[in-house]
Amino acid sequence: MATGAGPDSFVNPKWGKSMQVESVQELALNVDPKAVPPRYIRIPEERPTSSLLVSRDSAIPLIDMKKLIPHREDYQRQQEMERLSNACQEWGFFQIVNHGIPHSLLDAIKGVAKEFFNLPLQEKQKCAPQAGDVQGYGKTFVVAEDQTLDWGDLLALALMPNNLKNLALWPTVPTNFRDTVERYAIEVERVAQEVLSLFAENLHLEAEYFKDKFGSEPTNLMRMNLYPPCPRPDLVLGLSPHSDGGGITLLLQDDQTEGLHVRKNNQWIPVQPIPYALVVNIGDLVEVMTNGRYKSVEHRAVTSQERARLSVALFYSAGIDAEVAPSSKIVDEDQQLLYRKFIHEEYIRYYLSRQLKGKHPLADFAKLDICSN
Ligand SMILES: O=C(O)CCC(=O)C(=O)O
Ligand SMILES: [Fe+2]
């Protein structure tokens with residue numbers, strides 16, 4: 001990830017090695033309606049309609065943040081805390097409403113994202129990364145010539161801390177892009193910290209546990225995803241199955257077009273858009289810090305034949321040099337340590353240098369071999 005000005009160790013550390021590939025938006029404009037280019041076609045087991053079933057029998061939990069206002073020691077709060085605890089342990093995903101982010105700001109962030117993706121390719125390419133950089137307009141996680149590609153374009157930018165922020169890659173059109181994203185980042189950080197302190201309360205840890213462990217310079221990375229309409233949504237994926245590598249993710253999704261699927265009990269559960277709600281999911285670091293009690297769960301995005309879909313994900317996470325380890329209090333209760341400790345930057349490098357593919361990064365990188373006797 002290129003970094004702009006900052007300490008030497010962070011100047012272009014080349015965390016990723018993503019290759020340049022064509023814009024799917026451009027491709028979608030010209031594609032033969034009956035034929036998707038072979039590089040996007042999934043093997044049958046990976047297609048949206050095969051192997052695991054898509055099930056609409058259940059839905060990720062919906063959490064009302066208003067019911068969770070601290071110091072409201074009533075029964076309603078207790079019930080909502082239990083629902084939150086269940087969401088973190090059973091789903092790794094939930095939606096939140098009444099989070100306090102003004103609706104006008106949520107409209108504005110989607111507005112600037114749409115305006116950016118609607119610019120001519122040449123204009124967007126002003127934000128294209130240099131080789132080896134994972135920030136900017138284009139694609140991440142493309143590591144091999146023969147890799148099947150996702151049907152989507154993205155704009156990835158570090159919002160925090162300042163030494164990772166590379167303003168040279170930030171769009172200057174629309175002109176309110178920077179101001180809108182910066183205002184949104186502040187609100188999302190506030191909500192992320194509120195959610196993390198609710199996690200701490202549910203886990204009987206100190207209220208500031210995650211805040212302390214994330215350190216004095218937490219990271220906040222943004223990914224705007226645009227999935228153009230696809231003539232054969234049955235053959236492609238918008239985003240490959242993966243778990244998120246950060247602490248927690250707050251995702252704003254399109255109101256009009258469904259596309260996010262969460263994996264549960266070997267089924268894919270579609271996440272229904274709720275206007276002005278945010279989807280929250282546990283990332284790999286919080287799974288490690290909770291010694292696996294809270295699950296970082298696989299998810300993917302599928303495409304639609306009729307409509308483009310937009311999503312804006314903010315990955316709120318620990319500082320680059322933070323030490324990540326399971327809480328000793330939880331390990332004492334569980335009596336089994338499931339993950340080794342590591343420095344966050346080591347995991348970022350590992351995660352970004354691979355194809356997005358299921359939950360392998362965390363398991364391969366930090367999971368300890370447990371003997372059953
Ligand atoms: O577009 C979506 O709904 C999913 C996005 C996502 O999972 C990601 O950016 O990590
Ligand atoms: Fe994700």
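Along the sequence shown, residues are numbered consecutively beginning with 1. Start at 1 and go down the list; that is how both ligands and their atoms are numbered.
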Numbered atoms and elements of ligand 1 in range of [X], under 4.0 angstrom, heavy atoms:
| X | value |
| --- | --- |
| Leu251 | 3 (O), 5 (C) |
| His299 | 7 (O) |
| Tyr227 | 1 (O), 2 (C), 4 (C), 5 (C) |
| Phe315 | 8 (C), 9 (O), 10 (O) |

Between [X] and ligand 1, which part of the residue brings a heavy atom under 4.0 Å of the ligand: side chain, backbone, both or neither?
| X | answer |
| --- | --- |
| Asp244 | side chain |
| Leu154 | neither |
| Leu239 | side chain |

Whether Phe365 and Tyr347 hold their rings parallel, tilted or perpendicular, with breakpoints at 30° and 60°: tilted
Whether Tyr137 and Phe117 hold their rings parallel, tilted or perpendicular, with breakpoints at 30° and 60°: tilted
Nearest non-hydrogen partners of Asn220 and Ala185, listed with the distance: ND2-O, 3.9 Å
Closest non-hydrogen atom pair, Leu68 against Ile63: CD1-CG2, 3.6 Å
Test log, rule side-chain hydrogen bond (donor to acceptor under 3.5 Å, both in side chains), inputs His242 and His299: CA-CA 6 Å; His242 65 283; His299 51 287; 3.0 Å; yes
Check against side-chain hydrogen bond (donor to acceptor under 3.5 Å, both in side chains), Ser243 and Asp284: CA-CA 7 Å; Ser243 66; Asp284 292 345; 2.9 Å; yes
Side chain to side chain contact (heavy atoms under 4.5 Å, CB included) between Phe116 and Cys127, worked out: CA-CA 10 Å; Phe116 171 75; Cys127 305; 4.0 Å; yes
2.8 Å shell around the Fe ion (ligand 2), exclusive bound, protein N/O/S atoms: 3
Nearest neighbour in protein (non-hydrogen) for atom 3 (O) of ligand 1: Arg309 NH2, 2.8 Å
Protein heavy-atom partner closest to atom 8 (C) of ligand 1 - residue, atom, separation in Å: Arg223 NH2, 3.1 Å
NZ on Lys114 to CD1 on Ile109, rounded to 0.5 Å: 12.5 Å
Approximate separation, where rounding is to 0.5 Å, of Lys66 NZ and Gln76 CD: 10.5 Å
Row check, Tyr227 ring normal vs Arg307 NZ/CZ: under 6.0 Å, within 45°: no
Neighbour count >12 (heavy atoms, 6.0 Å) for atom NZ, Lys213: no
Min N/O separation Gln253 to ligand 1 under 3.5 Å: no
